[in-house]
Engineer: 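Take this structure first; my questions come after.
Each ligand, and each atom within it, is numbered from 1 in the order the structure gives.
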Amino acid sequence: MQNVASKGLQRSLFGCFRQVLAYKYQWYGKELFLADKFYPGTQRCSRCGFVKTGDDKIGLDGNMKHKTKHNEYVCYECGVVMDRDENAVMNLLALI
Ligand SMILES: [Zn+2]
């Protein structure tokens, strides 16, 4: 009798665990989607949160207005100079 009860408990715990996993997965999936879709990871300064817009944005050729390279992030607000990808990663890490 005891054995049956503990098996039932194990099963329900496992079911619960699976539900939590599915929930977490959906949550992370949604977050990643949002990050990818709306988060201006390459334009945002990971140090001060300044987001480049218009002429200040980094394009494929860098920035014409400020004469900065495409692979570096130069913040016009706090003056930090970073690798562009490194800055984008820092922005994503800040989301988690
Ligand atoms: Zn900055």
Engineer: Near the Zn ion (ligand 1), which protein N/O/S atoms are found at less than 2.8 Å?
Structural biologist: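 Hits for the Zn ion (ligand 1) below 2.8 Å: Cys45 SG, Cys48 SG, Cys75 SG, Cys78 SG.
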
Engineer: For Asn63, what residues pass the side-chain hydrogen bond (donor to acceptor under 3.5 Å, both in side chains) criterion, not counting sequence neighbours?
Structural biologist: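 With neighbours one apart ignored, the set is empty.
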
Engineer: Table please: side-chain donor-acceptor pairs of residues 55-62 below 3.5 Å, with sequence neighbours left out.
Structural biologist:
{"unit_1": "Asp56", "atom_1": "OD1", "unit_2": "Lys65", "atom_2": "NZ", "d": "3.3"}
{"unit_1": "Asp56", "atom_1": "OD1", "unit_2": "His66", "atom_2": "NE2", "d": "2.6"}

Engineer: Are more than 12 heavy atoms, taken from residues, nucleotides or ligands other than Met82, located less than 6.0 Å from that residue's CE atom?
Structural biologist: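 Yes, enclosed.
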
Engineer: Considering only distance and modelled atom types, tabulate donor-acceptor pairs under 3.5 Å from the side chains of residues 45-52, sequence neighbours left out.
Structural biologist:
{"unit_1": "Ser46", "atom_1": "OG", "unit_2": "Asn87", "atom_2": "OD1", "d": "2.9"}
{"unit_1": "Lys52", "atom_1": "NZ", "unit_2": "Val74", "atom_2": "O", "d": "2.6"}

